Chemist: 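Sharing a structure with you now.
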Amino acid sequence: MLGKVAVVGAGMTRFHHSLHKNKNGRELFVEAVLEAYSSVDKGIDPSEIGAVFTGYFAPTFFEHQAHVGPLAADWVNLTPKMGWRTESACASASAAFITGYMAVASGLRDVVIVGGIEKMSNLTTEEVTDALSVAADNEYELPAGVTFPGQFATMANAYFKRYNVTWEQLQAIPIKNHRNGALNPKAQFQETIMDRAVKVGKKLGVKFKDELDFLKSEYNRVIAWPLRLFDCSPISDGASAAILVRGELAKKYTDTPVYVSGVGFATDSLSLHDRQTYTSFKSTMEASKQAYRQANVKPKDVDVAEVHDCFSIAEAIATEDLGFFKKGEGVKAAQKGITSIKGDKPINPSGGLKCKGHPVGATGIAMVYEIWKQLRGESGKRQVENAETGLIQNLGGSGASCGVIILRR
Amino acid sequence: MSEFLISEFYEKLKEGNLVGVKCRKCGFYMLPPRMICRNCGTNDLEWVESSKTGVLETFTVVHVPPVGLGKEAPYIVGIIKLDNGGKVTARIEGFNPNEPEKIKIGSKVTLTPLTREGKPVLAFKPINQ
């Protein structure tokens with residue numbers, strides 16, 4: 001029998017490509033944890049914490065550092081407490097969260113910290129592309145020259161063909177996410193795509209008539225056809241953290257706890273070619289099924305969601321796999337404004353990975369951070385009204401793993 | 001039949017042969033090869049020849065490559081469904097990567113393995129009808 005688990009604190013660094021140049025992963029983690037401590041309404045004594053689980057996808061590549069579990073624990077002064085690093089590519093932080101959830105729900109620990117880190121900016125774009133590509137199958141995919149933008153681009157092509165959707169229509173997703181992220185002080189890019197278009201236009205001496213006009217221009221270069229720069233989440237540095245406690249202890253820390261009402265995590269083949277379809281993720285469908293069942297929540301009950309838009313097409317597919325829209329309708333939903341902050345199904349009010357940034361191993365818990373704030377009504381200009389039930393979907397690689405977490409006020 | 005190893009799959013590819021594995025118990029066929037039958041879960045498998053022709057299921061043109069492939073970009077990567085079943089990720093030759101609109105999903109293709117630093121790389125080119 002699982003016990004109730006509450007989130008009583010959360011913190012994250014700003015996500016950025018250059019701001020944290022002179023910091024390393026452990027320093028970013030300390031910053032996130034300190035913010036999580038100070039977010040606990042009635043305060044927390046760190047000696048109460050019984051374990052630290054830290055997601056980090058590729059520290060070996062990015063910082064020539066492994067053994068990050070104890071390192072992270074040590075830098076927040078929590079040795080000799082239990083702790084290790086979890087790795088599931090871009091879903092590393094949801095894996096850390098669910099590890100912490102299991103520790104508390106099982107009764108093994110009363111209070112734990114879960115977090116995530118990625119310090120990517122030490123490497124060049126080519127080196128980052130290489131480091132990320134090892135989340136694909138090294139024997140059967142990488143020899144052909146597979147990259148992550150490339151994996152999602154092959155899915156986009158299959159999706160366009162199957163559902164008769166165009167790249168132009170897909171742009172509704174990054175346009176919406178930049179409008180949201182412009183309102184988020186933690187976001188990497190705090191500007192709309194139109195803001196960027198005006199800036200670039202001034203420099204080049206040209207005028208873009210709207211966002212799409214800019215996105216179709218040469219400035220928005222092709223990364224992996226048909227996906228261009230603004231279809232892709234950026235290279236980012238950052239860390240995130242959350243504090244989980246046994247449900248019965250929640251009121252000791254805050255009068256407005258947020259409860260974990262369901263979790264799910266699922267796996268699939270690393271290789272795209274080993275899957276029956278390229279236009280949906282079995283891992284998302286299975287993980288969300290697990291979480292919905294445990295939470296006794298239906299897709300229509302979700303008031304706000306943070307989903308894994310590592311590439312524009314991934315958001316469209318995620319919103320379908322989670323049951324918010326019918327297959328092939330995800331892009332149309334964004335075009336109609338249904339997924340905007342004031343729409344019926346707000347998706348990625350934080351700006352998503354595209355605009356908020358995507359320090360891979362920190363992302364899952366940064367999603368939790370956003371939903372935790374939303375459910376407590378602390379999201380300022382990007383607040384979704386009356387949000388009581390929130391969901392995060394955190395995809396690993398090209399969908400070989402996926403974590404889904406449902407939070408309720 | 002030789003022992004099943006991924007390296008054996010590539011050895012055979014070096015000789016121009018594409019091979020999958022078939023489950024001796026239920027007959028399920030898998031390409032690329034793996035060690036346990038995805039259908040019935042047994043590991044009693046044997047090598048079988050794959051057809052060398054198939055269909056381009058989907059693709060991309062990679063413009064930003066990983067380290068080491070800079071000179072090859074832009075290049076086309078796609079998923080091929082072979083005529084006798086099984087699917088592989090492969091390099092696609094014979095199309096102009098700068099004219100992606102002309103690359104058609106559903107094109108018939110045939111095996112044309114490449115070599116990179118002495119190692120075979122799966123590649124296909126269109127069959128001109």
Side-chain angles (χ1 to χ4, degrees), chain A residues 61 123-162 166-167 221-229 231-232 235 268-279 311 313 398, chain B residues 5-7 9-10 13 30-34 38 54 56-82 86-93 95 97-106 113-117 119-124:
Chain A
F61 278 90
L123 304 186
T124 64
T125 300
E126 271 204 345
E127 289 166 341
V128 171
T129 305
D130 198 47
L132 297 178
S133 73
V134 302
D137 188 324
N138 186 52
E139 299 294 344
Y140 288 145
E141 288 185 311
L142 294 188
V146 158
T147 64
F148 263 90
Q151 294 292 73
F152 283 88
T154 56
M155 293 182 235
N157 270 334
Y159 186 98
F160 292 167
K161 170 106 176 160
R162 178 163 185 179
T166 65
W167 175 85
R221 68 194 176 103
V222 176
I223 303 296
W225 191 86
L227 301 184
R228 295 170 175 241
L229 186 64
D231 289 286
C232 308
I235 292 168
D268 198 357
S269 67
L270 261 61
S271 299
L272 276 190
H273 58 241
D274 274 335
R275 304 186 197 159
Q276 276 174 347
T277 172
Y278 318 120
T279 57
F311 299 93
I313 186 68
S398 58
Chain B
L5 289 170
I6 294 170
S7 59
F9 168 77
Y10 280 111
L13 185 63
M30 301 184 292
L31 173 77
R34 46 169 75 216
R38 286 184 104 186
L56 179 63
E57 284 210 315
T58 181
F59 70 97
T60 182
V61 184
V62 174
H63 286 255
V64 179
V67 173
L69 299 187
K71 280 185 202 146
E72 297 177 27
Y75 55 80
I76 308 162
V77 176
I79 297 175
I80 306 299
K81 183 169 190 174
L82 281 304
K87 299 190 291 190
V88 291
T89 296
R91 191 62 70 83
I92 311 299
E93 302 284 299
F95 289 104
N98 294 311
E99 293 179 332
E101 298 81 6
K102 291 190 180 163
I103 308 168
K104 296 288 174 222
I105 290 176
L114 298 172
T115 311
R116 187 191 298 123
E117 289 160 10
K119 286 182 190 155
V121 175
L122 272 171
F124 288 80

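Not measured: the values here are computed from a predicted model. Per chain, numbering begins at 1; letters A, B, ... match sequence-line order.
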Chemist: Taking all heavy atoms of B/Pro32 and all of A/Asp274, pick out the closest pair and write down the distance.
Modeler: CD-OD1, 4.2 Å
Chemist: Between A/Gly150, A/Ser133, A/Gly145, who has the most heavy-atom pairs with chain B when the cutoff is under 4.5 Å?
Modeler: A/Gly145
Chemist: Is any side-chain heavy atom of A/Pro143 closer than 4.5 Å to a side-chain heavy atom of B/Tyr10?
Modeler: yes
Chemist: Below 4.5 Å, heavy-atom pairs only: which of B/Pro100, B/Ala90, B/Gly70, B/Ala73 has the largest tally toward chain A?
Modeler: B/Pro100
Chemist: So which heavy atom on B/Lys87 is nearest to which on A/Arg275, and how close?
Modeler: NZ-O, 2.6 Å
Chemist: Side chain, backbone, both or neither: which part of A/Pro149 has a non-hydrogen atom closer than 4.5 Å to chain B?
Modeler: neither
Chemist: Please classify the contact of B/Tyr75 with chain A as side chain, backbone, both or neither, using a heavy-atom distance under 4.5 Å.
Modeler: side chain
Chemist: Please state whether the side chain, the backbone, both or neither of A/Arg162 comes within less than 4.5 Å of a heavy atom of chain B.
Modeler: neither
Chemist: In terms of heavy-atom pairs under 4.5 Å with chain A, which of B/Pro33, B/Gly86, B/Ser7 leads?
Modeler: B/Pro33
Chemist: To the nearest 0.5 Å, how far apart are CD in B/Glu99 and CH2 in A/Trp225?
Modeler: 11.5 Å
Chemist: Tell me which of these, A/Thr147, A/Ile223, A/Thr129, has more heavy-atom pairs under 4.5 Å with chain B than the rest.
Modeler: A/Ile223
Chemist: Check for a donor-acceptor pair, side chain of B/Thr58 on one end and backbone N or O of A/Thr154 on the other, with a separation under 3.5 Å.
Modeler: yes
Chemist: Where is the tightest heavy-atom contact between A/Ser269 and B/Arg38, given as atom of each residue plus distance?
Modeler: CB-NH2, 4.1 Å
Chemist: Please report the closest heavy-atom contact between B/Ile79 and A/Tyr278, naming both atoms and the distance.
Modeler: CG2-OH, 3.2 Å
Chemist: Between A/Leu272 and chain B, with a heavy-atom cut-off of 4.5 Å, which part of the residue counts as in contact: side chain, backbone, both or neither?
Modeler: both
Chemist: Determine yes or no for a side-chain-to-main-chain donor-acceptor pair under 3.5 angstrom, with A/Asp130 supplying the side chain and B/Pro66 the backbone.
Modeler: no
Chemist: What's the separation between atom NE2 in A/His273 and atom CD1 in B/Ile80, rounded to the nearest 0.5 Å?
Modeler: 11.5 Å
Chemist: Counting neighbours of CZ on A/Arg221 that are heavy atoms of other residues, nucleotides or ligands and sit closer than 6.0 Å, is the number greater than 12?
Modeler: no
Chemist: Just wondering, more than 12 heavy atoms not from A/Gln276 lying within 6.0 Å of its CD?
Modeler: no
Chemist: Heavy-atom distances under 4.5 Å only: say whether B/Ile105 touches chain A with side chain, backbone, both or neither.
Modeler: both
Chemist: Is the closest side-chain heavy-atom distance between A/Ser271 and B/Arg34 below 4.5 Å?
Modeler: no
Chemist: Tell me whether A/Lys161 contacts the main-chain N or O of B/Glu57 through its side chain, where contact means a donor paired with an acceptor under 3.5 Å.
Modeler: no
Chemist: How long is the span from the CG atom in A/Asn157 to the CG atom in B/Leu56, to the nearest 0.5 Å?
Modeler: 9.5 Å
Chemist: A/Tyr140 versus chain B, heavy atoms under 4.5 Å apart: side chain, backbone, both or neither?
Modeler: both
Chemist: Examine whether an atom of B/Val67 lies under 4.5 Å from a heavy atom of chain A, and if so say whether it belongs to the side chain, the backbone or both; otherwise answer neither.
Modeler: both
Chemist: Is there a side-chain contact between B/Phe9 and A/Glu139, using heavy atoms and a 4.5 Å cut-off?
Modeler: no
Chemist: Would you say A/Val222 and B/Val61 make side-chain contact, with heavy atoms under 4.5 Å?
Modeler: no
